Amino acid sequence: MKSRNALLLILLVACAGVLAQTNPAPQSQVTVIRAGTLIDPRTDEPKHNQLIVIRGTKIEAVGDATATSVPAGANVIDLSNATVLPGLIESHTHIFLQGEDPAKGGYDIQLLKFYASYRAARATVSARRALEQGFTTIRDMETEGAGYGDVGIKRAIEEGYIPGPRIFATTRGISTTGGYPLEGYAPGVDVPKGVQIIDGPIEARKAAREQLDYGADWIKVYMTHRSWVDKDGNLVSQPTLTVEELKAIVDEAHGWRRKVACHAYNGEGLHRALDGGCDSIEHGLLLDDAAIAQMKRQGTWYCPTLTVYYTDWGPENTPEGKRDRARASVHEQSFKKAMQAGLKIVFGTDVGGFPWTEPIAREFSYMTKFGMSPMEAIRSATTRPAEMLDMQGAIGVIAPGAYADIIAVRGNPLVDITELGRVNFVMKNGQLFLHDSGAVKAN
Ligand SMILES: [Zn+2]
């Protein structure tokens with residue numbers, strides 16, 4: 001029986017390489033995963049020796065191996081030496097950004113010289129990178145001048161043409177005049193912007209309507225832009241939209257039953273974001289006590305992005321270097337305060353802001369280094385964002401009725417969180433994408 005299963009797996013693997021991304025798992029296909037250890041983020045203690053029964057795209061049953069029967073004809077995948085978890089959720093990505101290396105033209109060249117097709121081709125690679133690292137769902141936080149490209153990538157993934165995670169798309173992003181690159185060009189030179197620029201509540205509402213009409217699952221708003229350190233050593237951030245402008249966007253999005261994510265570092269822009277009714281605060285580098293209290297009261301989600309603020313620091317004692325160090329330092333303090341206050345924290349990295357070749361899971365190490373328990377860190381990338389995305393019970397859990405988004409690692413991430421950087425098994429929607437050293441990688 002064992003060798004037959006192994007043969008079936010090899011066949012499955014061989015077929016998956018060719019077919020996995022062109023044919024969704026047929027509803028009749030039954031797969032059983034034998035999990036040595038199963039982490040269910042809804043409970044504190046992992047379970048052992050579990051069977052997960054998958055029919056088509058969804059999980060049908062989960063139970064003790066001794067009490068759960070293997071349906072006849074099922075493909076059995078043996079992960080009895082592994083720790084199995086729900087597919088992870090990344091709540092702040094940019095598939096259309098590639099790290100903005102200044103030596104390669106930085107941010108500007110992407111909008112000025114890169115063809116849309118080139119950017120789209122690279123975004124497909126970013127999407128696959130997320131999936132192969134175990135992130136089966138991403139909330140992509142705007143395309144940086146690539147228009148509605150994320151909606152197209154999402155569709156290509158859903159239709160099985162390319163491999164990638166489930167995408168919640170925000171499309172173009174919104175800021176104000178003076179509130180987003182490209183900038184620094186002579187007046188009168190018409191350059192593209194990395195977001196849709198609005199001024200006034202009427203334009204704000206219209207932008208939200210357009211973006212929702214063209215497929216935005218969320219709206220992304222930049223509530224702060226430039227930041228610097230003042231003469232007293234405090235981080236200062238330039239606010240962008242007024243409360244009235246933001247309220248028009250939030251009102252429109254909520255009418256469509258969609259949510260609004262606000263990039264906000266600190267100060268006036270952060271407070272306007274909360275007064276305007278943002279659903280999630282992105283980065284939130286410096287959360288003062290009033291902001292934390294308001295987030296708690298309003299149930300605002302907090303998506304810190306620690307990793308990206310520890311990369312590419314300017315030289316010490318330069319204005320950029322001081323700013324970069326100040327950002328990281330206040331972000332760490334805010335993260336700790338948010339944890340103490342019991343804010344709803346979701347895992348996000350801003351990957352794309354740093355190259356997609358770098359590991360997304362590094363964020364877990366920063367979170368636990370700053371005092372979050374490994375289980376809470378796992379929840380921030382599973383059950384919590386599932387709730388934020390109104391997908392409770394459908395993603396972020398291994399439970400009957402959920403999509404079969406399942407990953408595995410060899411060791412125990414509750415003991416060593418860096419294990420999550422060595423995901424060696426990825427299934428999404430019941431389709432095997434990766435097993436061991438890339439055997440099932442499509443494309
Ligand atoms: Zn971002």
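Counting convention: from 1, in listed order, for ligands and their atoms alike. Bear in mind the structure is a predicted one, so any value in this text is a computation, not a measurement. One is the number of the first residue; the rest follow in order along the sequence. We use all heavy atoms of the structure for the numbers below, so side chains are in, but hydrogens, waters and symmetry mates are not.
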Asker: Report yes or no: does His94 have an N/O/S atom closer than 2.8 Å to the Zn ion (ligand 1)?
Answerer: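 Looking at His94, which is the residue asked about, there is an N, O or S atom under 2.8 Å from the Zn ion (ligand 1).
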Asker: Using a strict cut-off of less than 4.0 Å between a Lys/Arg side-chain nitrogen and an Asp/Glu carboxylate oxygen, indicate whether Arg379 and Glu376 qualify as a salt bridge.
Answerer: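 Salt bridge: yes.
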Asker: Please confirm if an N, O or S atom belonging to His92, backbone or side chain, lies less than 2.8 Å from the Zn ion (ligand 1).
Answerer: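 Here the distance criterion (N, O or S atom, under 2.8 Å) is met by His92, so yes.
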Asker: Just give me the atom name: the N, O or S atom of Asp350 closest to the Zn ion (ligand 1).
Answerer: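 Distance check against the Zn ion (ligand 1) picks out OD1 in Asp350.
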Asker: Determine whether a donor-acceptor pair (N or O, by modelled atom type, separation under 3.5 Å) exists between the side chain of Thr349 and the backbone of Thr305.
Answerer: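 No.
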Asker: Between the side chain of Lys47 and the main-chain N/O of Ile39, is any donor-acceptor distance below 3.5 Å?
Answerer: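 No, Lys47 side chain to Ile39 backbone: no donor-acceptor pair under 3.5 Å.
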Asker: Is the Zn ion (ligand 1) less than 2.8 Å from at least one N/O/S atom of Glu282?
Answerer: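 It does not; every qualifying atom lies at 2.8 Å or beyond.
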Asker: Between Glu142 and Lys220, is the closest basic N to carboxylate O distance under 4.0 Å?
Answerer: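 No, Lys220 and Glu142 are not salt-bridged.
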